[in-house]
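Comments concern the structure below.
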Amino acid sequence: MNIGLFGGTFDPVHRGHVALARAALQQCKLHRVYFVPANIPPHKQRQPLSPFVHRFAMLALATSEEKAFVPSLLEAPEEGATPIRINARTEKDRQEKPNYTIDTVRRLKQSCKASDKLFLLIGMDAFADIAKWHQAEALFRECEFVVASRPGYSLADVANALPESLRPRPEVTRPFHKQPATGDLVLPGVTIHLLADLHQPASATAIRQAAAAGKPLGRFVDAPVAEYIRKMGLYK
Ligand code: ATP
């Protein structure tokens, strides 16, 4: 099986995320995509975050129509996915270890067959920082990447974002500057499938701002997620 793993904060999940997963499903012939909300995202620890259960519930709603999409508890809080725990994050939570993708990938692999292939789904804005991720080189060894491009990014931007030990020399990437970030990029120890621009400008930040201002959310999220945000009074 080809298995996709799509990690994020998902606060909340929106149409940009779903479009990325759909495009990856088709282009890379994935059989399943796990949407993995991070309990404690390593790169977003300072901003206030909605409780894990709310972010997970919205993912469950947003993925319910697609058989291949699975909301995942791989990065659920330590005490498990106890649905009782709906309070805001406590001091103890803040002291918990961040969820590193490499640990999640290794945990997922334990339940996979040796013949299964893992694909890590990621947007170009997040991929631009990939070299700073915990054990970045190991991630490229463990999985192929599926990167959703954005207008204005070239193949050179993708190659230059790689961890130093995997980054091609400048004379190799020079011709990449004129090439848009599409197609497959295969280098020693690295396989990246590039998804063309998805034309989905949604962002969770814009949704939180719209919800706080009492504006409609239908532009960014499907009705069940919009209704959940309203009912639970999120982002007020
Ligand atoms: P925020 O606005 O809070 O930073 P976000 O909308 O970027 O959040 P995340 O949960 O941080 O959402 O993103 C998870 C993944 O989805 C990241 O890899 C990110 O690059 C990607 N992503 C986010 N928005 C889009 C979009 N509109 N199109 C394609 N990929 C996206």
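Note that ligands are numbered from 1 as they come in the structure, with each ligand's atoms numbered from 1 the same way. Only this structure's heavy atoms are used, side chains among them; waters, hydrogens and symmetry mates stay out.
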Item checked: Short side-chain to backbone donor-acceptor contact, Asp11 and Ser50, under 3.5 Å -> yes

Margin query: Before you tell me yes or no, could you show the steps for Leu5 and Cys143 under side-chain contact (heavy atoms from CB on, under 4.5 Å), namely the whole-Å CA-CA distance, both residues' side-chain angles and the distance that decides it to 0.1 Å?
Written below: CA-CA 10 Å; Leu5 193 145; Cys143 15; over 6 Å; no

Notebook entry, point to check: Short list, please: which atoms of ligand 1 are under 4.0 Å from a heavy atom of Gln200?
Noted result: 26 (C), 27 (N), 28 (N)

Note to self: Under a 3.5 Å threshold, yes or no: a donor from one side chain and an acceptor from the other, between Tyr153 and Asp197?
What the structure shows: no

Next item on the list: Just jot down the ligand 1 atoms closer than 4.0 angstrom to any heavy atom of Thr205, in number order.
Entry: 1 (P), 2 (O), 3 (O), 4 (O)

Notebook entry, point to check: What atoms of ligand 1 come closer than 4.0 angstrom to any heavy atom of His14?
Noted result: 6 (O), 24 (N), 25 (C), 27 (N)

Check: Just wondering, do His193 and Phe119 contact through their side chains at under 4.5 Å, heavy atoms?
Finding: yes

Item checked: Sub-4.0 Å atoms of ligand 1 with respect to non-hydrogen atoms of Ala126 -> 18 (O), 20 (O)

Check: Under the 3.5 angstrom rule, does the side chain of Arg55 hit a backbone N or O of Ala38 as a donor-acceptor pair?
Finding: yes

Check: Between Arg167 and Glu164, is there a side-chain N and carboxylate O pair less than 4.0 Å apart?
Finding: no

Checklist line | Atoms in ligand 1 flagged as close to Asp125, the criterion being non-hydrogen separation under 4.0 Å | finding: 19 (C), 20 (O)

Notebook entry, point to check: Which atoms from ligand 1 have a heavy atom of Ile122 less than 4.0 Å away?
Noted result: 18 (O)

Check: Heavy atom of Pro37 under 4.0 Å from ligand 1?
Finding: no

Item checked: Option with minimal heavy-atom separation from atom 25 (C) of ligand 1, where the choices are Arg208, Arg150, Gln209 -> Arg150

Check: Based purely on interatomic distance, does Phe10 place a nitrogen or oxygen under 3.5 Å from a nitrogen or oxygen of ligand 1?
Finding: yes

Next item on the list: Taking the six-membered ring for Trp and the single ring otherwise, decide whether the centroids of Phe10 and His17 are under 6.0 Å apart.
Entry: yes

Next item on the list: Examine the proximity of ligand 1 to Leu20 and report which part, side chain or backbone, both or neither, has a heavy atom under 4.0 Å away.
Entry: side chain

Notebook entry, point to check: Below 3.5 angstrom, do we get any N/O pair linking Gly8 and ligand 1?
Noted result: no

Next item on the list: Indicate yes or no: does an N/O atom of Asp11 lie under 3.5 Å from an N/O atom of ligand 1?
Entry: no

Check: Tell me, do Val18 and Arg22 make a side-chain contact under 4.5 Å, heavy atoms counted?
Finding: yes

Check: Of the backbone atoms (N, CA, C, O) and the side-chain heavy atoms from C-beta on, which set of Ala204 has a member under 4.0 Å from an atom of ligand 1: side chain, backbone, both, or neither?
Finding: both

Check: Can you find a heavy atom in the side chain of Pro37 that is under 4.5 Å from one in the side chain of Val13?
Finding: no

Next item on the list: Check each heavy atom of Phe6 against ligand 1 and say whether those closer than 4.0 Å belong to the side chain, the backbone, both or neither.
Entry: side chain

Next item on the list: Mind checking whether Arg15 contacts ligand 1 via backbone (N, CA, C, O), side chain (CB onward), both or neither, at a 4.0 Å heavy-atom cut-off?
Entry: neither

Notebook entry, point to check: For ligand 1, which atoms sit closer than 4.0 Å to a heavy atom of Ala202?
Noted result: 24 (N), 26 (C), 27 (N)

Note to self: Within a 6.0 Å radius of atom CZ on Arg107, are there more than 12 heavy atoms belonging to other residues, nucleotides or ligands?
What the structure shows: yes

